[in-house]
Amino acid sequence: MDIESPICDFGLHQGEKYTELPASFLNWMIEIEHEKCAIAKQELQRRASAVFNSCSKRN
């Protein structure tokens, strides 16, 4: 399933989907309390959930 992902509209990663941004960039957005840090938090949570779910299926 391909879920529509918002597009970064500023800086080095302008034009890229948030799902494709490096975690370091997302963490930076959160650290500086960028106006779109909620999107960054949501994406990092999505990734963490995917890892957790993947690990849970193996046990």
Side-chain angles (χ1 to χ4, degrees):
M1 175 191 321
D2 187 24
I3 298 174
E4 189 79 23
S5 175
I7 304 295
C8 181
D9 62 355
F10 67 95
L12 179 64
H13 296 287
Q14 185 172 2
E16 296 179 40
K17 294 180 178 182
Y18 277 87
T19 56
E20 298 172 354
L21 297 179
S24 59
F25 187 76
L26 298 171
N27 282 313
W28 170 79
M29 288 178 64
I30 295 165
E31 277 183 30
I32 68 160
E33 297 181 357
H34 188 275
E35 66 183 51
K36 296 188 178 179
C37 70
I39 298 171
K41 287 179 184 178
Q42 182 180 16
E43 175 55 21
L44 289 173
Q45 289 173 344
R46 185 196 67 78
R47 293 178 190 186
S49 292
V51 170
F52 179 78
N53 290 338
S54 175
C55 291
S56 295
K57 290 179 183 178
R58 293 182 184 176
N59 293 329

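- Side-chain contact between Gln14 and Ile7 is absent, with no heavy-atom pair separated by less than 4.5 Å.
- Both Leu44 and Ile32 belong to a single network of hydrophobic side chains, linked directly or stepwise wherever heavy atoms of I, L, V, M, F, W or Y lie under 4.5 Å apart.
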Show the numbers, then the answer: is there a side chain to side chain contact (heavy atoms under 4.5 Å, CB included) between Met29 and Ile39?
CA-CA 9 Å; Met29 288 178 64; Ile39 298 171; 5.6 Å; no
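- Atom CD of Glu43 sits about 6.0 Å away from atom OG of Ser5, to the nearest 0.5 Å.
- Counted within 6.0 Å of CD on Glu20, heavy atoms from surrounding residues, nucleotides or ligands total more than 12; the atom is thus considered enclosed.
- Cluster annotation: Leu21 is connected to Ile30 through the hydrophobic network of ILVMFWY side chains, with a link wherever side-chain heavy atoms come within less than 4.5 Å.
- Residues Arg47 and Pro22 approach most closely at NH1-C, 4.1 Å, considering heavy atoms.
- Under the ring pair (Phe, Tyr, Trp, His ring centres under 6.0 Å) test applied with His13, the options Tyr18, Phe25, Trp28 reduce to a single match, Phe25.
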